[in-house]
Structures are given as structure tokens and as C-alpha cells.
There are 2 protein chains.
Amino acid sequence: MQSALELFTERGFEQTTALEVAQRAGVTERTFFRYFSDKREVLFEGSGELLSGVVGAITGAPVNMAPIDIVTAAMQEAAERMEPNRPYSIQRAAVVAANASLHERELLKLDALSAAAAHALHGRGVPELAATMAAESGVSVFKVGFDTWVGAGPEVTFAQCIHACLDELKGLTAAAQ
Amino acid sequence: MQSALELFTERGFEQTTALEVAQRAGVTERTFFRYFSDKREVLFEGSGELLSGVVGAITGAPVNMAPIDIVTAAMQEAAERMEPNRPYSIQRAAVVAANASLHERELLKLDALSAAAAHALHGRGVPELAATMAAESGVSVFKVGFDTWVGAGPEVTFAQCIHACLDELKGLTAAAQ
DNA sequence: TGGGTCATGTCAGCGCCCGACATCGCACCC
DNA sequence: GGGTGCGATGTCGGGCGCTGACATGACCCA
């Protein structure tokens, strides 16, 4: 993973072969593909923990909490876990932003996050459509908040960015019609 | 495009080679790749018109309209254009749902739609963050509405599905905190 | 000492995708 | 009517992503 991030940063994702990543890590190309299902996946190792963390937060949220608040609280929690890794997040985000297929993979991970959040909400008794829309909104807030966070100075926290996006969303929907 | 949809439906996306699609269409594999940047793209030809239609609707929306209403109205307009092609949409959606990499590409197209909508809103004077969040929400409504539409009976229109999702979103954000 | 398991290496091969060049039909125009 | 250019297509070769099958070797355990 470290070898990949270095090489992708130095000369770009497409200009780096899987063989080169493997060689820098001291293994063969075949071994690389035993650990990562494809060349892009090496940049998305942490997504599993992110997902299970969010699902856990939703499952363990207090009763009588509104669905949208459950999801955004879970996102806040995830954001706090990511706060110490800001430099890594910035470097990784730059690599992802520079390549369409990596961006594509990131969207797939976010969509999986949304689906898992919706499923967890539904498991708490939230109706299907409400759960889906709340999860979609929460992930949107997380996504836009993440972009703002990595683009801002170090004094701005991820949690603050998420809070700002959520407020913006509330204002927009309140002004509807 | 027709050859691809047929073959992907019959035996699946991964079990079909680009060469086979090309041969059924009466051209060489090389010619296939001159028209489509990759094997998946053959299922996403219409996305360009969808995007320009949405951007046009946003740009031409009446002044003093709330951002979220502008976006959802644009989505409604797109939905009405897609209504006559319901059978095609259903077949295509089944193929996409059956393959992760096609789903991935669909998410990329929706993200491009969101980015274009945000840009169009921003061009109307809507502040950056508001434009981004409104576009994200509008695309979420479109996406969830689409899934409900293709899963429902023919008496339910795409526009109705979108309306229902939007209402759900409003209810959720209104119940926040 | 022998056997079992797990990680890794080796090798061959398929399919995606591309660059470079050849071919061919077709409009245009002197 | 015969060049002439151009756009679409075919041909060829090849790099790279990714996989199945088998071999090797380290380690643990009886």
C-alpha cells in the first residue's frame, strides 16, 4: 500500500504498473494480486473499517433519534477517527482526484457505504425509502465535507466541514417550494 | 450498442468479450474501441444527452427559484424524457445491477451529472457549497427515484417516483435535531 | 522424521486496450 | 475523368491487468 501510494504520487496511477508496485514492496506481481483484487483496490484498504464503523455507530445510536441525525452522527464519528490522518488523506485524495478510474472506485465505496447505512437504519425499523434517502444524504454530506476538509487549512476539522454541509442541506430543503 | 445489450443480457457482461460484441455488430474489435473508450462505455451512450438536458433545464429555470427546486425540476424534466423508454431502462438496469464494474461506471456518470448541475447552479449565482449540496441532493433523488421506477409497475411514472423521494428527503431534514 | 498448512514464486495464457500503418470508398475539383 | 485529400475501417503487434495451475519452501505439530 505504501509502495503504491508513493509510486502513484511520483509518476501517476496509469504510468505505474502493478509489477512495479510489487517490486518496490519486494514481492512478485502475482502476490500483489493475491492481496488486492485489482490494481486500484490497493488505495482503498481502509474502506472496510470505515464501513463497519459507520454501521456500528448507526446500530448503537440512541432510540428515538431522527434517521438523518443518526447517519450524520455516524459520519461525524468516522470523521473524528480520520482527523489524525489528515496528511495521508490529502496525499491519497490528490492521487484519486488525478485519475478517473480511481475516482470511480471511490464512488463505488461511498455507494457501498450508503447501502450499508441504509440497511442498518432499516434494521432499526426505519422504513425502506426513508432509510435509503437518509443514508444517501448522509453520505453526500460526508463526501462534500471530505472534499472541503482536504482543501482547507489544518485549523479546520473534518467534523466542522460535515457540520457545515449538513446545515447547508437543511437550509436548502427548508427553502424548497 | 444493441449487440452489446443483447449479449450482456444473454450471457452476462464478463462472459462476453469485446470481440464478440464487435463481431455481432459486423465490425472488428479495433473499430469497437474507436467508438467506445472502453467495454463498459457502450452501455452509457445516452448519458451525454441526459447531462446536457439537465444543465439546459437548470440554466433556463426561472429566476428567484430555490436551488433545490431548480435541480429537482430539471430531474423531473429528464425523467419525462425517459418515460417512453421504460422497457429499455429496465433491461439496461438489470444488466448494470448484475455487474459491479458497470454499477461503478453508472455512479461515475451520476457524479458527473452532479458536478455539471452544481456548476450550472453556480453559474446562476448560487454559492459554491449550496450549489454542490443542492446538486448532490437532486442526483440522489434522481438515483433513488430511478431504482424505484424500474422496480415498480408500469402504472407508476418516473416523475411520481422522483416526487416521492423528494418529499421523503424534505421530511427527513425537517425532522433533524 | 514425516506430514500438513500457508505464503509465495513460477509459468502460461486470456482479454482489454492502444499505436502505427495500410486500405478503401467517397466527395471535391481542376 | 483522373488526381487528391479525407474519413472510416481493417490489420498487426504488443503492453498490461488479471487468473488458474502447479511448484517450492518455511514453519508447526505429532
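Scope of the values below: all heavy atoms of this structure, side chains included, with no hydrogens, waters or symmetry mates. Here the structure is a predicted model, which is why all the values come from computation and not from measurement. To find a chain, count down the sequence lines: A is the first, B the second, and so on, and within it residues start at 1.
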What integer distance in Å separates A:Arg40:CZ from C:dC16:C1'?
13 Å
Separation of D:dC16 P from A:Asp38 CG (nearest whole Å):
17 Å
Quickly work out the B:Gln23 CD to D:dG10 P distance and round it to whole Å.
11 Å
Parallel, tilted or perpendicular: which one describes the rings of A:Phe146 and A:Phe142, with boundaries at 30° and 60°?
parallel
Return a table of donor-acceptor pairs under 3.5 angstrom between the side chains of residues 150-169 of chain A and protein atoms on other chains or two or more places apart.
unit_1   : atom_1 : unit_2   : atom_2 : d
A:Thr157 : OG1    : A:Gln160 : N      : 3.1
A:Gln160 : OE1    : A:Thr157 : N      : 3.1

Between B:Lys109 and B:Glu41, is the closest basic N to carboxylate O distance under 4.0 Å?
yes
Which nucleotide, C:dG9, C:dC17, D:dG17, lies nearest any side-chain atom of B:Lys39?
C:dC17
Regarding the side chain of B:Thr31, the nearest nucleotide among D:dT11, D:dT9, C:dT10 is D:dT9
Separation of C:dC18 C1' from B:Phe32 CZ (nearest whole Å):
14 Å
Does a side-chain heavy-atom distance below 4.5 Å link B:Glu106 with B:Leu102?
no
For the residue pair A:Arg92 and A:Phe8, would you count it as a cation-pi contact if the rule is NZ or CZ under 6.0 angstrom from the ring centre and within 45 degrees of the ring axis?
no
Given atom CD of A:Glu41 and atom P of D:dG17, what is their separation to the nearest angstrom?
15 Å
Atom CG of A:Leu19 and atom C1' of C:dC11 are separated, to the nearest Å, by 14 Å
Ignoring backbone atoms, establish whether A:Tyr35 has a side-chain N or O less than 4.0 Å from OP1 or OP2 of C:dT8.
yes
Out of D:dC18, C:dG9, D:dT11, which has the shortest distance to the side chain of A:Glu29?
D:dC18
Quiz item: A:Arg30 side-chain donor-acceptor pair to D:dG17 base, under 3.5 Å
no
Derivation of the side-chain hydrogen bond (donor to acceptor under 3.5 Å, both in side chains) call for A:Glu80 and A:Gln76:
CA-CA 6 Å; A:Glu80 278 160 28; A:Gln76 291 280 8; over 6 Å; no
Between the side-chain atoms of A:Arg34 and the base atoms of C:dG9, is any donor-acceptor pair under 3.5 Å?
yes
Please give me every residue in residues 5-18 of chain A whose heavy atoms get under 4.0 Å of an atom in DNA chain D, ordered by residue number.
A:Thr16, A:Thr17, A:Ala18
Winner on side-chain proximity to A:Thr28, out of C:dT10, D:dT11, D:dT19, is C:dT10
If I take atom CZ in residue A:Phe33 and atom P in nucleotide D:dG20, what distance separates them, rounded to the nearest angstrom?
13 Å
Output, in order, the C-alpha distance, side-chain angles, deciding distance and verdict of side-chain hydrogen bond (donor to acceptor under 3.5 Å, both in side chains) for B:Ser140 and B:Ser137.
CA-CA 5 Å; B:Ser140 287; B:Ser137 301; over 6 Å; no
